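One structure below.
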Amino acid sequence: MSTSRTSPSRSSLRVRCTALFAGLTAVGALLAAGTTGAHAADGPLRDLAAAKGKVMGTAVTGSKLTGTYGEIAGREFNALTPGNAMKWGSVEPVRGTFDWAEADRIVDFAEAHGQQVRGHTLVWHSQNPGWLDNGTWTPAQLGQLMKDHIATEVGRYKGRLATWDVVNEPFNEDGTYRQTLWYNGLGADYIAQALTAARAADPAARLYINDYNVEGVNAKSTALYNLVKSLKERGVPIDGVGLQAHLIVGQVPSTLQQNIQRFADLGVDVAITELDIRMQLPSDSAKLTRQAADYKAVVNACVAVARCVGVTVWGFTDSDSWIPDTFPGQGAATPYDENYAPKPAYHAIAEALGGTTTPPTGACTAAYSVTSQWDTGFTGQVRIACTGAALSSWKAGWTFGAGQRVTQAWNAACSQSGAVVSCSNASYNGSVPSGGSVTFGFNGSWSGSNPVPTVTLG
Ligand code: G3I
């Protein structure tokens with residue numbers, strides 16, 4: 001799939017919806033002119049971030065960068081981090097045999113969309129290839145392997161990546177060094193050696209140490225602070241610290257901004273590198289509202305400190321998040337739901353970045369997405385969701401911008417006249433309660449490009 005579908009003007013891609021008329025019953029504040037993307041000042045996030053001199057990034061999976069996923073990744077973010085594609089186990093699964101396909105794809109996509117790339121990650125204890133983990137190495141061999149790996153990977157992308165997470169997760173919770181392949185073989189100096197090798201391989205890249213549970217002031221973040229201070233004093237190249245920020249709803253550390261500031265005062269940049277805020281499933285509007293406040297608090301803390309360069313979310317959609325696999329029963333941790341509808345968290349991020357509007361407290365929204373696409377056809381869906389409002393019947397309409405045609409629909413009756421598509425509920429799904437949703441689907445034809453239209457909900 002070419003990336004041409006992802007490059008129409010950003011405003012044309014915003015999914016806007018207005019619920020205006022009959023069938024709408026208010027269960028709280030009524031709503032609906034302007035739900036989801038109807039807040040012009042709310043996005044795209046990358047523009048709001050850029051206006052504040054900040055980065056708004058997301059981790060991505062390279063193979064997914066088409067269709068709706070690719071459109072949102074390209075439209076809303078000005079930085080990408082490969083979620084897995086640049087890890088050692090991904091790029092050199094067999095010693096001396098490299099696979100750069102997914103990493104290259106992400107870097108190419110980023111360049112085509114005017115986005116920075118954060119390289120992730122060079123020296124870690126996890127997701128290493130079996131041959132490395134299971135090998136027996138002298139300290140000299142291990143040091144050489146590490147330096148060669150850095151020279152190869154950083155060198156490959158020299159001049160193209162803004163930033164590298166050079167060392168990932170070096171500390172235990174109590175602030176002692178984590179016992180890893182690297183620490184056990186080379187001692188704590190592996191960190192300085194890795195940074196020095198990365199600087200040599202790409203002098204222009206910003207070099208970071210990245211860790212989790214270092215967002216607030218605590219034993220672990222203080223150990224990181226002391227390490228960075230000592231590296232600076234020794235003249236070791238260190239440009240920034242990454243605070244991963246895998247957080248839990250209601251538990252944003254109160255000392256986040258203070259902690260960011262103390263690192264900044266050492267003379268390094270700070271980035272929030274892997275933000276997600278998980279909750280116990282199922283989500284509900286109270287949890288989503290709390291989550292939005294938490295997202296806003298994190299982004300606010302970064303905005304408040306000049307040397308905080310920005311925030312990256314660890315996946316932008318709940319359908320591409322690591323949380324449910326790792327924390328059974330938890331999830332809904334990202335700013336978009338599994339159907340690519342922006343959640344309250346999205347609007348909260350926008351507001352923290354200077355967006356001037358907030359979503360209405362009661363609203364029904366419609367999110368259009370392309371779920372699959374082939375040479376001449378595609379399958380699309382529209383998800384209608386209500387929070388603090390409800391529908392007893394609905395109509396959803398849009399105007400195709402590039403000659404697309406709906407050929408068949410299910411869970412709705414759709415007709416098309418010229419470019420204008422009108423869909424209304426089936427006999428069994430007109431009712432959408434507050435907190436509920438309905439989804440209808442369709443097949444369509446396209447050629448040339450298949451941009452996402454603006455949906456009007458009524
Ligand atoms: O690619 C294989 C696939 O072939 C196989 O069918 C499938 C079955 O389990 O596994 C796939 O690999 C998974 C990989 O993600 C890609 O999806 C691994 O099992 C899974 O362990 C791996 O998880 C990644 C995790 O790092 C590993 O620790 C997550 O996607 C990734 O988001 C996560 O990211 C880390 C950061 O790098 C560092 N900070 C913490 C963060 C969350 O753990």
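Since this is a predicted model, take the numbers as computed values, not measurements. Indexing begins at 1, ligand by ligand and atom by atom, following the structure's order. The first residue in the sequence is number 1, and the count goes up from there.
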- Message: Do Gln127 and Trp88 pair up side chain to side chain, a donor and an acceptor below 3.5 Å, judged on atom types alone?
- Response: no
- Query: How about Asn218 and Ser221: does a side-chain donor come under 3.5 Å of a side-chain acceptor?
  - Reply: yes
- Query: Do the charged groups of Arg118 and Asp165 touch, with an N to O distance under 4.0 Å?
  - Reply: yes
- Message: For ligand 1, give me the residues whose heavy-atom distance to it is below 4.0 Å, by chain and number please.
- Response: Asn84, Lys87, His120, Trp124, Ser126, Gln127, Asn168, Glu169, Gln244, His246, Glu274, Trp314, Trp322
- Should the pair Asp189-Arg234 be classified as a salt bridge under the 4.0 Å nitrogen-to-oxygen rule? yes
- Query: Is the Tyr69 to Phe316 ring centre distance short of 6.0 Å?
  - Reply: yes
- Report yes or no: do Tyr157 and Asp104 form a side-chain donor-acceptor pair below 3.5 Å? yes
